[in-house]
Each structure stands twice: as C-alpha cells, then as structure tokens.
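These numbers come from a predicted model, not from an experiment. Basis for what follows: all heavy atoms, side chains included, without hydrogens, waters or symmetry-related copies.
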Amino acid sequence: MDKKFIISSAAALILAGTTIIGFKGWSSSNKEIDELKVQLSNLQRQEKRSAVLQSVSKQMEDIAYEQKKISDEQREEAIEQTKVANEMRQRSEIERQHAILAQKQALESERMAINAYDLAESQRKVAEENRRTAESLSYLALGRSLGSLATTQFRAGNEEIGNLLSYASYIYTERYHGDVYYPAIYQALAQSSKSQNEWSRHSSAVPCISFMPKSDKQLVSVSTYGEIFFHELNGSQLKTTVLFKDKNYDFRDIYIHPINDGIYAISRNGYLYIKVGNNVKMLELPMLANPFNLQLCHDEKHLLIIGKNSIAELDMSNNTIVGSKDLGFNVVLTASMNNYPLLFDDKGRMHKVTSLQKIDTQKIPVSGQVTAFAISKSSGFQAYGMKDGTIYLYDKKGNVRRLVGHQSRISKLMIDGERVISSSYDGTINLWIAKSEKVDPITLFTNNSWILYFNYDRKKNYLWIGDEKGKFSRILISVPMMAERIKGKLKRNFTQNEWNYYIGEKVPYESFISTKGKEDKQ
C-alpha cells in the first residue's frame, strides 16, 4: 500500500478521533453546566422559600408571643377569679353552716313545740278519757241500779214502771259498753220480757232434743218412756206429732242426718230406731250392752253407737253395722273433740276414737267423776262438769278456774266463745262469762226438777230444755231480742218526776218510745 495514503488515513483517523473526543467533552461540559443551572435554580427557589418560611416563622413567633402574653394575662385573671371564687365559696360554706345550724335549731324548736303539743294533747285525751271513764262508770252503775230497781218493782206488782226501769237499765249499759249479762240487768230483762214457754209433752225424762237441719222451729225429742216426738213451733204454740211410742224402749240419744233428715234414736235396751223419709225400721244391736249415745264419726259418713263397754259403727249410706269393738273399760260419759268421738271412763281417763282400730287414751286433768264436758274451737276453752256441781274451766294455755254455783251434778255443758252455759240436777241453767276477772254465775232458768238436757237453736237466740218430768221449756237468751220485746211493750215514757227520782235530775231526760205528739213531762 502507498505510504502516503497510509499516513493520510492514519492522520484522518486521529483527527476524526480527536474530533469525536472533543465533541463528547463539549457535550458533557454543556450537560454539567445545565445541571448546575438547574441546581442553581433550585437553590434560588429554596432560598426564596426559606426566606418566606423564615418570615412566616417570625410572624408565627410574634403571634405566639402575643398569645402567650394574652394567656398570661388570662391566667393571672383566672387566678384572681379563683381567689375570689374561693373567698365566695368560703363565705358560702360559712353561710351554709349557719343555715344548717339555724335549720337544726328550727327543727329542735319544732320538735319541742310538737312534743309540747303532743303532751298537751295527751293530757287533754287523758283528761277526756278520765272524764268519759268516770261518766261511763257512773252510767254503768246507774244501769245496774236500775236493773235491781226493776226487779223490786216487779216483785211489788208494778209491771209498767218495772218495764221502763229494765229497758233503761239495758239502754245505759249497752250505750256505755257494759256487760248486759250482769246478773241484776239480765234478770230484770228476762223477767220483763217474759221470755219463757213451757209445754208438757213426754211421759218421762227428756234426755235429748235435736233440731231439724233446715229449721229452728222444727225439732225432735226422745224420752226414757220409749217416745220419739216431732214438734213444730208456731208462735207460742207447739204442735207435736208422735213418731214412735212404746214403753218397752228407753231412748237416750238422737241424731238427725243433715242431708236426708234421717232420724236415729238409740234405746238403752239395745235397739236403734231409724227413720229416713217414710221408711222406718228398728235395728237390733246384739253386740252392744246398754247402748246410750250416738256420735258422728270424723268422716261424717258413719255413726258411732256407744254402749256401756263396747262400740259399734253404722254406715249411714245403707244403715248397716260395719264393725264393733269391746273397749275393756266402762264408758260413763261421751262427747266430741275436734270432730272425733270422745269417751270418758270410770278410771279418770278419756279416749279419742279415731277409728275402731285406733283409740288414743289420756288422763283427765281433773280429779273426781266428770259428768259433762265441752270444748270451744274458737276460744280454746275446755270445761269439765263434776258430780258435785263444780265446773273446771281451762283456757288454751292450761290455766284453770273453778266455777262454783251449782248445788249438784252437772248434766250438760256448752261453750259459745267466751260464754259457758251449764245445766244441773239442781234445776238451774247458769251462764258464765269466761273473760270476766271474777266468773260469777248468771241464772238463765230455774226449775223444780232435774234438768237433763238443753240445746241451742241455730241462731243461738233460744235455749230448749228437757227435764226429768218430761217437760219442754224454751227461754229467750238473746239480750237484744229481750230489749226489743220490752220496748214493744212500753206504753208510756217516764214522767219528769219519775225520771228525777229513779234516774236523776242531772241525767238528760230522754224518751224511750215514739209518740206522734210531744209527750208532756208531768
């Protein structure tokens, strides 16, 4: 190859390379310059932003300073206000304490005033109560005195004034909540009301009287002469129908079924009379010796027939004997306790019959022969009547009182709440008020023969009495009914002179009967 050509080519290559390198260097330099310009521009913008931020920061600092100044002023003002508030709170607390103290003083004053008022009111009430008590005692004494005066007038034959006095006796005793069963008052009322009827019906002793379930005016009685009589009361007239009569029988007790009116009468010679509707039969009781009493069993479906030393049970649904039992002791008295038959023996024991298989025995709490017994579910009283006429009355706590008033054997006892009624062979029926501090007898009825039995009507206004001579007696025992009957009999009022004499000038005059015109006070 030509040497010149080689050298020219090499020079051209070097020149070209140098040109390329120079171009690259120029290009790179321009690029750096551009970048520096950009950086410069950025720095200039940052410098401007920093200036702005510095200005804003300065403004914010100035604002914060102003706010701090305001906050300091407000804090100082709040401190001052707190100090003022604390002072006001302290003054308020002092005033509150003063108010509380004043309130306590006011309450204490009010309490003292109330106590003073209560004391004065209590003293006034005591004085008023004392006045009323004195007035009540005065009127109650007047009532008793008038009762005694009434009896005296009746004995003298002055019935008209006796009626006025007995009614006045009731009025003042009832009005001032006294005991209208006080003997002087009750006897005057009984005498004035003439509340007793008597009929001779049976040929011998009447040991039992029983009312028909649906009427107080229909009753059945039996006698020891073999008589069973049905009676119906119409006013004061007693109509008697003979149901059975045979002197070979000796009837001692009677039971009447409350649903079908069946009549059961037990005869001492070992027969049970049964009448249901028109069907009548005489049931022989060979398993019993000397039966004398009937007691309803606890189930109210069976009737216990009690003999001298044995018992039998009758099913009243078909009137057949369903069982019997020998007792091993002699029965001298029967009663009922809590709807269970109760048997008293001659050894000082009593036996509660729960069933033929279960009989509970306990000792009688009194000594001597018990001839009558009664118990009250409502008051819890138990009464034991004795052969010598004494009655022992037990309350539910076991405390006992000895009631003395009868002269011979107690034949029957009944208890109605606080009232005990007793009959005796001495011919009297007495009433005893168990709640009284001193239990004295009030004689309801007197007869000249043994009283064997008595019974209430359902309303307990009347007593029906049977005696040994076969007589029937009916007596009114309701004091309000007695008083109403006496009031209906009054023909006039007291004259002023009678009032002043018997009752007293200081007692306001009052009329006991209604008159169309004003009655002159003579």
Side-chain angles (χ1 to χ4, degrees), residues 202 205-216 218-224 226-231 241-245 249-285 287-288 290-308 310-324 331 333-344 352-356 372-375 411-414 452-458 464 466 472:
H202 287 285
V206 180
C208 190
I209 303 167
S210 184
F211 285 90
M212 298 300 291
K214 301 178 179 63
S215 175
D216 280 342
Q218 295 179 333
L219 57 155
V220 179
S221 61
V222 297
S223 80
T224 58
E227 300 164 324
I228 304 175
F229 291 167
F230 174 83
H231 311 275
T241 303
V242 176
L243 298 180
F244 183 87
K245 185 175 182 179
Y249 293 88
D250 178 4
F251 292 110
R252 298 302 180 95
D253 198 14
I254 187 171
Y255 173 79
I256 301 179
H257 197 287
I259 298 176
N260 62 15
D261 293 346
I263 299 172
Y264 299 82
I266 188 66
S267 174
R268 188 79 171 175
N269 64 346
Y271 286 89
L272 179 67
Y273 169 90
I274 303 173
K275 181 180 184 300
V276 180
N278 294 323
N279 298 320
V280 178
K281 75 173 181 177
M282 193 68 75
L283 181 64
E284 188 175 4
L285 305 170
M287 74 292 297
L288 297 180
N290 301 323
F292 67 97
N293 189 257
L294 302 172
Q295 291 288 335
L296 184 65
C297 294
H298 187 263
D299 62 4
E300 298 184 351
K301 297 178 182 179
H302 294 80
L303 198 61
L304 192 68
I305 309 170
I306 302 162
K308 180 180 179 181
S310 56
I311 56 177
E313 191 172 299
L314 178 79
D315 185 343
M316 289 187 289
S317 65
N318 54 20
N319 291 322
T320 59
I321 299 296
V322 295
S324 63
V331 182
L333 173 68
T334 66
S336 177
M337 177 185 285
N338 300 325
N339 297 328
Y340 288 101
L342 192 64
L343 313 178
F344 290 77
K352 186 177 77 171
V353 181
T354 303
S355 67
L356 292 180
F373 174 80
I375 185 171
S411 57
K412 186 170 177 60
L413 288 167
M414 294 185 77
L452 303 181
Y453 192 87
F454 67 87
N455 200 359
Y456 285 122
D457 61 6
R458 288 184 302 169
W464 286 77
F472 255 23

Minimum heavy-atom distance between Phe373 and Ala335, given as atom pair plus value: CD2-CB, 3.7 Å

Beyond-backbone contact of Leu272 with Leu294, side-chain heavy atoms, under 4.5 angstrom: yes

Note, Val322 side chain near Leu356 side chain (heavy atom, < 4.5 Å): no

Shortest non-hydrogen separation from His302 to Leu296 and the atoms involved: O-CD1, 3.6 Å

Asn269 vs Asp250 side-chain heavy atoms within contact, under 4.5 Å: no

Closest approach of Met414 to Asn455 (non-hydrogen atoms, all atoms of both residues): CE-OD1, 4.1 Å

Ser310 backbone acceptor or donor facing Lys308 side chain under 3.5 Å: no

Heavy-atom pair with the smallest gap, counting every atom of Leu333 and Ala372: CD2-N, 3.6 Å

Parallel, tilted or perpendicular, as decided by the 30° and 60° cut-offs, for the rings of His231 and Phe472: tilted

Parallel, tilted or perpendicular: rings of His298 and Tyr340 (30°, 60°): parallel

Output field: ring centroids Phe244/Tyr249 closer than 6.0 Å: yes

Interatomic distance, Ile306 atom CD1 to Arg252 atom CZ [nearest 0.5 angstrom]: 14.5 Å

Gln295 side chain reached by Leu343 side chain, heavy atoms, under 4.5 Å: no

For the student: nearest non-hydrogen atoms of Met316 and Glu300, plus distance: CE-O, 3.9 Å

side-chain contact (heavy atoms from CB on, under 4.5 Å) between Asp457 and Phe211, intermediate numbers included: CA-CA 7 Å; Asp457 61 6; Phe211 285 90; 3.9 Å; yes

Residue pair Lys275, Ile228: steps toward the side-chain contact (heavy atoms from CB on, under 4.5 Å) verdict: CA-CA 11 Å; Lys275 181 180 184 300; Ile228 304 175; over 6 Å; no

Between CG on residue Asn338 and NZ on residue Lys352, distance to nearest 0.5 Å: 6.5 Å

Minimum side-chain heavy-atom gap Tyr273-Leu243 below 4.5 Å: yes

From Thr320 atom OG1 to Glu313 atom CD, the distance as rounded to the nearest 0.5 Å: 10.5 Å

Beyond-backbone contact of Asp261 with Met212, side-chain heavy atoms, under 4.5 angstrom: yes

Over all atoms of both residues, closest heavy-atom pair of Cys208 and Asp253: SG-OD1, 3.3 Å

Nearest-0.5 Å distance, CD1 of residue Ile266 to CD1 of residue Ile305: 5.5 Å

Any donor-acceptor pair under 3.5 Å from Asn260 side chain to Gly262 backbone: yes

Separation between CH2 of Trp464 and OG of Ser210, rounded to the nearest 0.5 Å: 12.5 Å

Interatomic distance, His257 atom NE2 to Lys301 atom NZ [nearest 0.5 angstrom]: 10.5 Å

Non-hydrogen side-chain atoms of Leu283 and Leu314 separated by less than 4.5 Å: yes

Pairwise side-chain contact, Phe230 with Gln218, heavy-atom cut-off 4.5 Å (strictly under): yes

